[in-house]
There are 2 protein chains.
Amino acid sequence: MQRREFLAATGALTLTPRLSAYALERTQQQGDEYDSFAKLAANENPYGPPESVMQAMTQAFKYANRYGYPDGNIVSEIAQHHGVKPENILLGAGSGEILDVAGTAFLGGGKKVVCAEPTFDSVYAHATSIKADAIRIPLQEDYCQDIGAIVQAAKRYDRECGFIYLCNPNNPTGRIVTKSEVKTLLDGVPADMPVLIDEAYHHFVESSDYATSVPYVLEGRPVIVTRTFSKIAALAGMRLGYAIAPAELIRQMRPYTMGSINALVKWGGVAALKDMDSQANTKRITLELRKKTVSQLAAAGFKVIPSEANFFMVDIRRPVQSVIPRFRAQGVLVGRPFPPMTQHLRVSVGTADEMARFMTAFSGIVT
Amino acid sequence: MQRREFLAATGALTLTPRLSAYALERTQQQGDEYDSFAKLAANENPYGPPESVMQAMTQAFKYANRYGYPDGNIVSEIAQHHGVKPENILLGAGSGEILDVAGTAFLGGGKKVVCAEPTFDSVYAHATSIKADAIRIPLQEDYCQDIGAIVQAAKRYDRECGFIYLCNPNNPTGRIVTKSEVKTLLDGVPADMPVLIDEAYHHFVESSDYATSVPYVLEGRPVIVTRTFSKIAALAGMRLGYAIAPAELIRQMRPYTMGSINALVKWGGVAALKDMDSQANTKRITLELRKKTVSQLAAAGFKVIPSEANFFMVDIRRPVQSVIPRFRAQGVLVGRPFPPMTQHLRVSVGTADEMARFMTAFSGIVT
């Protein structure tokens, strides 16, 4: 919500993901209307948390009235999941909190964040709200992030640059940065420059050219990997994410975290880490539906950017702004514009029924 | 958690409320052991949320996987509850977030917060973590806050002072600032100086000399009243609180909020505002038990500071640090030391059974 007013004031961006969430809250006060939408705007998991996670959260209701309580060892469980130590983990109320915290910790004194454009723009928004700035590197023609240009910018603006932000796979395009490109980036930038690699959509990737960057943390490189329980784990509304980073970087960020995380989601997070079958199932069905929908769009003559995530972008050859209300009128919520890609519509992969409704609406509105 | 390391580093304080919560998490990983304690350390509501609130939260589980969702109109409901406009309300993940946000918003450039000592020390801790400082005004001999001295300090340090913090009733003493003293304070300090009045324990007050400071917000004074759902509403683990302030002050604070509040507690909060019977019942039984326990302590020859909250302080005539582990060994968790009041034990009012266990332990340990 804080970004809304700020961005409105600066006019720098039209909408942010949090804004669109806010807009929904304001305009859809009728639960029935909200429930009726095909919700393809926020890259959520449409199936909700699995039974194991729901049980863990429901049992944790007994701590609803407590500040101190057993928390399922959430920090240790996350550390163990990744083969790191608890000192390498920092919890946030969603990975969005970690992104804000990194901004506050590393952009003091007017430093800048280097990142692609477009990417998950919470980073820009927070940088702006704390009166820092961003050096935005345009995507390449294939909509991949321009690693060479990011390295050049980081070197050229070494003293001004507080950290590098890399969303992998990137939101809103769904394109990955390959593991060799990540290595090129890390080897190329100044050795002490923090690189935050946002792996919110990690769990949906199939490509063998991709790999998590957690091993670089174990090497002691100044790499901060962020993960979230909001995507494949279906806990966006419960608010839990985390950073994996060298202990020294965690120490620098920790004072800026709010330390205010819901009791239930700590237990839900622990259960989610132990329910890989459920996540595998979500991945399988989501990728099947993505591929099916992309094929249908291609058959209709539309270009879709190759995605490795639970969303994709389709070039509709007209401003997306003009069609969003028309989709909504047909009960389908789709993504907002991501300047400068104003003719690419971002579509989250929902359920089979939601995707069918999307295609019906698309046929009537766009083709 | 962020405060823990910081305070450990400065040695400024032994423990904070959040620290003690953290310590519990680390040391009581066994739910059974935790459940067995009489939990009189954190001023929580021992009865948990009422059925109406549990139902609302359980129904909101359907939004667990969503960013945008109907939120029960939580902001409007709070505004209506207080007779203010939605623009006068700022949500936080607990009122602790609001306190941090006020610190960040108003203590930039090395400004100081003026407050009593001891008071809820989250304010100090955050001020210190953002490299600001606090002007601490000792309590009077009757353990009431020294309003005259606070006014003097605010005037004397006008240019250095970012805001005034007043906890009413005060934590850890339970003493109130009377409504006439609040007026004296507001009339006496520089007219544009923000005054944050923390009314976390508002709902437990009986004294007719006390009143909420919300009307000053309606007058347009630079007053920020904070409230929480963590105390009488029994939602400490769910994380929801808010500020009530003039729209301009809300605008100044909003950019620093995380905007990351659990979906369930928004609905729980709305239900809590509508279940005044349940809160009245909690107040009644809590005050009965407080008075009974205080009488027993007085009969045993111990002085208790008059409290208007769901906790009280008893002078045990020896360092509380020395008895805390002994209470714990008997299954009773009591408050930490609040320097300089190192011989006053803060005891939260738990259930009848918990208070009986406290008195048994007290008889063996202290008398």
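Naming convention: chains lettered A, B, ... in sequence-line order (proteins, then strands); numbering from 1 in each chain.
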(request) Count the heavy-atom pairs under 4.5 Å between each of B:Gly92, B:Gly268, B:Ala93, B:Ala64 and chain A, then report the option with the highest count. (result) B:Ala64
(message) Quick check on A:Ile261 against chain B: is it the side chain, the backbone, both or neither that has a heavy atom closer than 4.5 Å?
(response) backbone
(request) Measure across B:Tyr67 and A:Glu44 and return the closest heavy-atom pair with its distance rounded to 0.1 Å. (result) N-OE2, 2.7 Å
(request) Please flag which part of A:Lys39 lies under 4.5 Å from any non-hydrogen atom of chain B: side chain, backbone, both or neither. (result) both
(request) Sort out for me which of B:Ser76, B:Gly94, B:Ala234, B:Ala60 touches chain A most, counting heavy-atom pairs under 4.5 Å. (result) B:Ala234
(request) Search all heavy atoms of A:Met258 against all heavy atoms of B:Asp100 and return the closest pair with its distance. (result) SD-OD2, 3.5 Å
(request) Sort out for me which of B:Ala233, B:Pro49, B:Ser230 touches chain A most, counting heavy-atom pairs under 4.5 Å. (result) B:Ser230
(request) Drop me the distance from B:Asp71's CG to A:Tyr34's OH, to the nearest 0.5 angstrom. (result) 11.0 Å
(message) What I'd like to find out is whether the side chain of B:Asp35 reaches to under 4.5 Å of the side chain of A:Tyr69, using heavy atoms alone.
(response) no
(request) Determine the minimum heavy-atom distance between A:Asn65 and B:Gly48, stating which atoms define it. (result) ND2-N, 3.5 Å
(message) Under 4.5 Å from any heavy atom of chain B, what part of A:Phe229 do you find: side chain, backbone, both or neither?
(response) neither
(message) Nearest 0.5 angstrom please: A:Leu264 CG to B:Met57 CE, how far?
(response) 7.5 Å
(message) Taking the side chain as everything from C-beta on, heavy atoms only, tell me whether B:Pro46 gets closer than 4.5 Å to A:Arg66.
(response) yes
